[in-house]
Amino acid sequence: MTADTKLAALSFTGGKDCCLAYHRAVEQGFKVAVVVTFGPRDQRFRAHPLPLIQQQAKAMGLPHVVCTIDGPDYLQNYRVAIEKLKEEHGIHALITGDILPVCSNFMERACEGIVSLERPLWGAPRPELLEEIFASFDVMVTCLNKRKLPSVPDLKPAVGQRLSMSWLEQYCDKDKADLAGEYGEFHTMVLDAPLFTQGKVDITDAIPEEEGNFVFYKVNACQLVPK
C-alpha cells in the first residue's frame, strides 16, 4: 500500500472494539481522516450516546460525521455514504472494529469496489483483545441485554461501571456470555485511550434506565477534560 491508499475513515460508535481497531490501524500505518457514525434516521443511540461520541472525536482531534442510513435499501445507502466519504475526504479504506461476520458480510458488500475494508481485530481471541484494552483504555459499560444475561436479577447497578475481568465474572460468567459482548450481551464506551491526545471524556450527569429488554446508562451531560 502507498501512503495515499492508507488514508481511511473510521467507522465509530465509541465502544472498545472500534477504539482498539483505531489504535491497531494507526500502528499498521493507516492515517484516519474522519470518524464516521452510521445510523438509521430514527436511531436514538441509547447504547452509544451521540454527545459522548462527539467528545471522543474531539479527544482524538478528528472530524466527526453522522451518516444517516435510510431503508429499505440499506446496503445501497451505505454504499452511497461511503462514496461520499471517499469524495469529500479522499479515503481509500474504511476501518471497523468487527471481530466476527456481520449480517451476511454486509460491510464487505458495502465497501466493495469503493474502498478497502480494514478489520484489525478480525478473528482475534477475546483474551488477547481484553488484555490490550485493560492495559491502556478506560472503558465504561453503557448497555446490557437482560435476555442474554438472565442469571442476574438486577442489572441496573452494572451499567456505568468500568469494564474489567471482575465485572465480566460478576455479570457475564453465569450465562457464558461472549467476553467481548459480540452477541449483543453488553455495549461499552471508551472514556480515555492513548490516542485521545486532546483530553479524556468526563461524564458529569448520567443515570441507569430500563427499556424493554435493555438497561442503559443514560448520559445527560459529558465534557472533554485535560488528562
Side-chain angles (χ1 to χ4, degrees), residues 1 4-40 43 45 47-50 52-54 56-57 59-60 62-69 74-126 128-130 132-133 136-137 139 142-143 163 178-190 193-196:
M1 284 188 176
D4 185 49
T5 59
K6 289 228 170 188
L7 192 63
L10 173 66
S11 179
F12 194 75
T13 59
K16 59 181 173 40
D17 297 335
C18 56
C19 280
L20 181 56
Y22 171 45
H23 284 69
R24 285 193 173 187
V26 169
E27 289 174 357
Q28 293 167 9
F30 285 94
K31 179 178 173 56
V32 172
V34 62
V35 172
V36 56
T37 302
F38 297 100
Q43 172 68 287
F45 295 98
H48 303 281
L50 189 57
L52 210 161
I53 293 173
Q54 292 166 338
Q56 290 171 310
M60 293 185 285
L62 295 171
H64 174 248
V65 298
V66 176
C67 288
T68 300
I69 306 296
Y74 292 101
L75 177 61
Q76 180 57 28
N77 285 320
Y78 256 89
R79 289 180 61 79
V80 169
I82 293 168
E83 284 273 18
K84 186 176 180 182
L85 288 169
K86 184 176 182 178
E87 290 172 6
E88 293 183 353
H89 298 278
I91 65 164
H92 290 270
L94 179 68
I95 299 162
T96 78
D98 295 334
I99 301 171
L100 298 174
V102 178
C103 301
S104 303
N105 299 320
F106 183 91
M107 289 309 296
E108 289 94 324
R109 292 182 287 139
C111 292
E112 186 176 6
I114 306 172
V115 296
S116 68
L117 177 62
E118 304 295 333
R119 299 175 291 192
L121 313 187
W122 189 252
R126 307 301 188 275
E128 172 193 309
L129 297 178
L130 288 174
E132 196 169 340
I133 288 165
S136 55
F137 290 9
V139 183
T142 53
C143 176
L163 183 68
D178 184 271
L179 289 175
E182 279 302 290
Y183 299 98
E185 298 95 334
F186 63 90
H187 297 275
T188 63
M189 295 295 283
V190 174
L195 289 179
F196 283 21

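Numbering of residues begins at 1 and proceeds along the displayed sequence. All heavy atoms count here, side chains included; hydrogens, waters and symmetry mates do not.
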Visitor: Quick check for you: to the nearest 0.5 Å, what is the distance between H92 atom NE2 and K31 atom NZ?
Guide: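 Rounded to the nearest 0.5 Å, the NE2-NZ separation comes out at 14.0 Å.
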
Visitor: Compare every heavy atom of R126 with every heavy atom of A180, then report the nearest pair and how far apart it is.
Guide: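 Looking at all heavy atoms of both residues, the closest pair is CB-CD, 3.6 Å.
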
Visitor: Between G97 and A21, what is the shortest heavy-atom contact and its length?
Guide: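 Scanning both residues completely, I find the closest heavy atoms to be CA-CB, 3.8 Å.
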
Visitor: Could you tell me the separation between the OG1 atom of T188 and the NZ atom of K16, rounded to the nearest 0.5 Å?
Guide: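 One finds 5.0 Å between OG1 of T188 and NZ of K16.
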
Visitor: Could you walk me through whether F38 and T68 pass the side-chain contact (heavy atoms from CB on, under 4.5 Å) test, one step at a time?
Guide: CA-CA 6 Å; F38 297 100; T68 300; over 6 Å; no

Visitor: Would you find a donor on one side and an acceptor on the other, under 3.5 Å apart, between the side chain of K86 and the backbone of I114?
Guide: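 Judged by distance alone, yes, a pair lies under 3.5 Å.
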
Visitor: Within a strict 4.5 Å, meaning less than it, do heavy atoms of the M189 and I53 side chains meet?
Guide: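 Side-chain contact under 4.5 Å: yes.
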
Visitor: Are the charged groups of E132 and R24 less than 4.0 angstrom apart, N to O?
Guide: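 Looking at R24 together with E132, the answer is yes, because their closest N to O distance falls below 4.0 Å.
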
Visitor: For Y183, does the OH atom sit with more than 12 other heavy atoms under 6.0 Å from it, leaving out its own atoms?
Guide: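 Count not over threshold, so no.
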
Visitor: Can you find a heavy atom in the side chain of R119 that is under 4.5 Å from one in the side chain of E108?
Guide: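 With C-beta onward as the side chain, the pair touches.
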
Visitor: Once rounded to the nearest 0.5 Å, what's the spacing between atom SG of C19 and atom CZ of F137?
Guide: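 Answer rounded to 0.5 Å: 6.0 Å.
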
Visitor: Any heavy-atom pair between the side chains of V36 and L10 that's under 4.5 Å?
Guide: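 No; the side chains remain at least 4.5 Å from each other.
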
Visitor: Under a 4.5 Å cut-off applied to non-hydrogen side-chain atoms, are L62 and V34 in contact?
Guide: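 Sidechains of V34 and L62: no contact.
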
Visitor: Would you check if the side chain of T142 reaches a backbone N or O of A47 as a donor-acceptor pair within less than 3.5 Å?
Guide: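 Flag set: sc T142 to bb A47 pair under 3.5 Å.
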
Visitor: Can you give me the closest heavy-atom contact between A33 and L7, atom names plus distance?
Guide: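 Nearest heavy atoms, A33 then L7: CB-CD1, 3.8 Å.
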
Visitor: Do L121 and D98 make a side-chain contact, defined as non-hydrogen atoms from C-beta onward lying under 4.5 Å apart?
Guide: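 Side chain of L121 against side chain of D98, heavy atoms only: no contact under 4.5 Å found.
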
Visitor: Please report whether the ring centroid of Y22 lies less than 6.0 Å from that of F30.
Guide: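 F30 vs Y22: aromatic centres not under 6.0 Å.
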
Visitor: Answer yes if the ring centres of H64 and F12 are under 6.0 angstrom apart, and no otherwise.
Guide: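 No: the rings miss the under 6.0 Å criterion.
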
Visitor: Whether E118 and K6 form a salt bridge (side-chain N of Lys/Arg under 4.0 Å from carboxylate O of Asp/Glu) is what I want to check.
Guide: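 The answer is no: the pair does not qualify as a salt bridge.
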
Visitor: Evaluate the ring planes of Y78 and F106, with Trp represented by its six-membered ring, and classify them as parallel (under 30°), tilted (30 to 60°) or perpendicular (over 60°).
Guide: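 Aromatic pair Y78/F106 classed perpendicular.
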
Visitor: Are side-chain heavy atoms of H187 and H48 found at a separation under 4.5 Å?
Guide: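 Heavy-atom side-chain distance check passes, below 4.5 Å.
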
Visitor: Within this structure, what is the CD1-NE2 distance for the pair I95 and H23, rounded to the nearest 0.5 Å?
Guide: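 Spacing of CD1 (I95) from NE2 (H23) equals 12.0 Å.
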
Visitor: So, E185 side chain and D178 main chain: donor-acceptor pair closer than 3.5 Å or not?
Guide: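 Yes.
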
Visitor: Looking only at heavy atoms, which two atoms of T96 and S11 are closest? And how far apart?
Guide: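 That would be CG2-CB, 4.1 Å.
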
Visitor: Decide yes or no for D17 and E182: does some side-chain heavy atom of the first lie under 4.5 Å from some side-chain heavy atom of the second?
Guide: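 In contact.
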
Visitor: Hey, what do you get for OG (S116) to CG (L94), rounding to the nearest 0.5 Å?
Guide: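 Interatomic distance, S116 OG to L94 CG, rounded to 0.5 Å: 8.5 Å.
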
Visitor: Can you tell me how far CD1 of I82 sits from CG of N77, rounded to the nearest 0.5 angstrom?
Guide: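 If I round to the nearest 0.5 Å, the distance is 11.0 Å.
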
Visitor: Evaluate the side-chain proximity of V65 to T37: yes if any heavy-atom separation is below 4.5 Å, no if none is.
Guide: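 T37 vs V65: side chains apart.
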
